[in-house]
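Take a look at the structure below.
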Amino acid sequence: MSSQHLLRSSVNQYLEELPQQIQSRLYESPATCLAIYRLLPQLAKFFIMSMVFNESAISLRDLDRWVKSSGKLQFQDAIKSMKSLHLLIPVRSNGPMLIDLNHTFRESFKNALTGGKVSNSFGIVMELDNDAVTTDMLDKYSADKWETILHFMVGTSLAHIPSENVLNLLKHSKLMEESNTTGEYKITNEGFQFLLQEVNSQLWALLLQYLKMTEMLQMDPVDILNFIFMLGALEFSKPYSTNGLSETQKIMLKDMRDYGLVFQRNLNSSVFYPTRLASMLTSDPKSIRGASGAMDSVLKQNKEDGLNKSGAAGANADDDVDEIGAQGQIMQDGALIVETNFKLYSYSNSPLQIAILSLFVHLKSRFSNMVTGQLTRESIRQALLNGITADQIIAYLESHAHPQMRRIAEERLERRLEVDPNCKDPLQVLPPTVVDQIKLWQLELDRIISFEGSLYSDFENHQEFTLLSSYAQDIGVLIWKDERKKKFFVSKEGNSQVLDYAKRKLKKK
């Protein structure tokens, strides 16, 4: 489906699909190996750390023994991911199957951990005597660059639009489309989904499309990936020299500036500074706030600067300043309150936050530091028709929930656990009635969905049904199946693959 075009653009999948020769070249860079390690499943990280300093091969059966029976699915995912990246190399033996860690990866990763031969993999730090670049300056710069892109997507009037390179990338990634008659850009369904993602997911969605564009220009993907992974490993706000970069990477600097990942004083500068956005490239998405976090912090800082300049007269004025400062902290941590009557309060003065909320909320009032609105059937249906899913709306509301809502939810769950220690209820930050109703509104639109494809039935036995349906599921073309009736339905695009597999395995014409 087209709505999955953006969501499947994950860095792990991209790396797994690279040819083995490209992967081997990537593993020559310690910074890249460290970044890939951070992106692996938790169990895969554990296996790598247990093997990186062990030079001898190990049995796959031994790795399996380390995992509890409840974790076998995670074990299979970890092994599959490591094999796809060719991190695990089979070793011939007379006994059980042995595996070893990729030698190139092992040496580079070991150097990254111990500070060995890393060469320029982690950049060349410059020692500047009069360096006037501050962290606040970098935060404002990166926020302005990134938020300009997001504002342009939601249709906010801007004094300066993104660069031509950014516009081409938005169009190539199908996040926006250009009108043939007016030349104006309009957001697509994929673009609406993009806006509700976490920041590092948004960054990688664009960077992976950037990689695909550079492939068409026959640029070296290893050079590009090494530079992107290096940016994620650099220390925020430190000055780095461009002397250790390849010509391809120097060309990339301009594009990275347009996204707000790096800062340079001028186009010909031999020094660049990684911003906070760059450090998000290999960070845990759970630790990163959503779309408007950076802009909120900038606006908060501007407000505090204004308060400091104006001063305070008397105890009442001091109390007001403290209250506003406390509110600023609340805005940074989480700004949404959702009531059981579907009313919503957003303690934010970020124009981007408000624009994103308007995608699925009927906004009613706006104040200096707050907007109010209502989650209605019409507002949710409009969002659903634009390609946004109910789960994305719920996830966005949860990730931006006010801290007080989280505390109340935690207290409620603790009381349940006191009554029943075996309680398996999840933490419910949002009112269950609101969550259920949003899902019901989506079901109204999902009552009938048509697909083009082929129905498989009349199997001689259940083994044949399981064999073919499992294969269809593995390659991602299975749309529906019924175990009891031994029937399944595959997409039109995947039908030929399933037929070829059936001919090979079942030996039927």
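Since we're looking at a predicted model, the values are computed, not measured.
- Taking every heavy atom of both residues into account, K174 and T188 meet most closely at O-OG1, 2.5 Å.
- Annotation for K117: atom NZ does not count as buried by contact number, only 12 or fewer foreign heavy atoms lying within 6.0 Å.
- Taking the six-membered ring where tryptophan is involved, the planes of Y471 and Y501 are essentially parallel, since the angle between them stays under 30° and well short of 60°.
- F109 has its ring centre less than 6.0 Å from the ring centre of Y37.
- Nearest heavy-atom pair across Q249 and D223 is NE2-O, 3.0 Å.
- Proximity of a side-chain donor or acceptor of R25 to a complementary backbone N or O of P221 within less than 3.5 Å is not detected.
- Checked against a 6.0 Å centroid threshold, the rings of F229 and W204 count as neighbours.
- Side-chain atoms of Q13 and E17 form a donor-acceptor pair, as typed in the model, at a separation below 3.5 Å.
- Below 30°, between 30° and 60°, or above 60°: for F47 and W66 the angle between ring planes is between 30° and 60°, a tilted geometry.
- Considering only heavy atoms from C-beta on, Y396 comes within 4.5 Å of H400 through its side chain.
- Two residues are said to be in side-chain contact when any heavy atoms from C-beta on lie closer than 4.5 Å; I187 and L195 meet this criterion.
- The distance from the OG atom of S270 to the NZ atom of K250 is 9.5 Å, given to the nearest 0.5 Å.
- Ion pairing of K254 with D258 is present here, as a side-chain N (NZ or NE/NH1/NH2) and a carboxylate O approach within less than 4.0 Å.
- Residue K492 places its NZ atom among 12 or fewer non-hydrogen atoms of other residues, nucleotides or ligands, all under 6.0 Å distant.
- Looking at S269, its side chain never comes within 3.5 Å of a backbone N or O of R265 through a donor-acceptor pair.
- The closest donor-acceptor contact from the side chain of K238 to the backbone of P274 lies at 3.5 Å or more, if one exists at all.
- Looking at L88 and I79, their side chains come closer than 4.5 Å, going by heavy atoms from C-beta outward.
- Counting only N and O atoms by type, the side chains of N102 and Y27 include no donor and acceptor under 3.5 Å apart.
- Between F152 and M176, the closest side-chain pair of non-hydrogen atoms falls below 4.5 Å.
- The environment of NZ in K186 is sparse: at most 12 heavy-atom neighbours from other residues, nucleotides or ligands sit within 6.0 Å.
- P41 places none of its side-chain heavy atoms less than 4.5 Å from the side chain of Q74.
- Panel note: side chain Y185, backbone S179; no donor-acceptor pair is recorded below 3.5 Å.
- In this structure, the side chains of F53 and K110 come closer than 4.5 Å at one or more pairs of heavy atoms.
- For CG of N266, the number of neighbouring non-hydrogen atoms (other residues, nucleotides, ligands) closer than 6.0 Å is greater than 12.
- The two residues L63 and I99 come nearest to each other via the heavy atoms CD1-CD1, 3.5 Å.
- Taking the side chain as every heavy atom from C-beta outward, T32 and M230 never approach each other to under 4.5 Å.
- The backbone N or O of L85 lies less than 3.5 Å from no partner atom in the side chain of E16, so there is not a single donor-acceptor pair.
- Remark: the backbone N or O of S84 is paired with a side-chain donor or acceptor of Q23 at under 3.5 angstrom.
- Residues satisfying the salt bridge (charged side-chain N to carboxylate O under 4.0 Å, His left out) test with K83, not counting sequence neighbours, are none.
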Stepwise side-chain contact (heavy atoms from CB on, under 4.5 Å) test for D255 and V166: CA-CA 8 Å; D255 295 325; V166 173; over 6 Å; no
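- Checking side-chain atoms of Q382 against main-chain N and O of F360 turns up no donor-acceptor pair under 3.5 Å.
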CA sep, side-chain torsions, deciding dist, call: L167, I161, side-chain contact (heavy atoms from CB on, under 4.5 Å): CA-CA 9 Å; L167 296 182; I161 66 172; 4.1 Å; yes
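- When every heavy atom of S237 is checked against every heavy atom of L138, the shortest pair comes out as CA-CD1, 3.3 Å.
- The backbone N or O of Q197 sits nowhere less than 3.5 Å from a side-chain atom of S201 that would complete a donor-acceptor pair.
- Residues L385 and N189 approach most closely at O-OD1, 4.1 Å, considering heavy atoms.
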Residues V11, I228; criterion side-chain contact (heavy atoms from CB on, under 4.5 Å); working and verdict: CA-CA 11 Å; V11 61; I228 292 173; over 6 Å; no
Criterion side chain to side chain donor-acceptor pair (under 3.5 Å) on T248 and D220, from CA distance to verdict: CA-CA 8 Å; T248 298; D220 188 359; over 6 Å; no
side-chain contact (heavy atoms from CB on, under 4.5 Å) assessment of T389 paired with F192: CA-CA 10 Å; T389 66; F192 281 115; over 6 Å; no
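- Remark: side-chain polar atoms of Q202 are paired, donor with acceptor, to backbone N or O of F194 under 3.5 angstrom.
- Ring planes of Y273 and F263: tilted class, angle from 30 to 60°.
- Y141 contributes a side-chain N or O that, together with a main-chain N or O of R257, makes up a donor-acceptor pair within less than 3.5 Å.
- No side-chain N or O of N369 forms a donor-acceptor pair with one of N349 less than 3.5 Å apart.
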Stepwise side chain to side chain donor-acceptor pair (under 3.5 Å) check, S29 with S121: CA-CA 6 Å; S29 167; S121 179; 3.0 Å; yes
Step-by-step side chain to side chain donor-acceptor pair (under 3.5 Å) determination, S56 to N54: CA-CA 6 Å; S56 57; N54 180 14; 2.9 Å; yes
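- Distance check, rounded to the nearest 0.5 Å: OG of S470 to CD1 of I475 gives 11.5 Å.
- If you take CG on L253 and CG on L261, they are separated by 10.5 Å, rounding to the nearest 0.5 Å.
- Using a 4.5 Å cut-off on side-chain heavy atoms (C-beta onward), Q264 and T242 make contact.
- Atoms OG and CD, from S142 and E147 in turn, are 9.0 Å apart once rounded to the nearest 0.5 Å.
- In E55, the CD atom is crowded: over 12 heavy atoms of neighbouring residues, nucleotides or ligands sit closer than 6.0 Å.
- Contact detail for A44 and A78: the closest heavy-atom pair is N-CB, 3.7 Å.
- Between the CG atom in L169 and the CE atom in M213 there is a gap of 6.0 Å [rounded to 0.5 Å].
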Worked verdict on N243 versus S241 for side chain to side chain donor-acceptor pair (under 3.5 Å): CA-CA 5 Å; N243 293 334; S241 172; 3.2 Å; yes
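- The distance from atom CG of N165 to atom CG of N168, rounded to the nearest 0.5 Å, is 6.5 Å.
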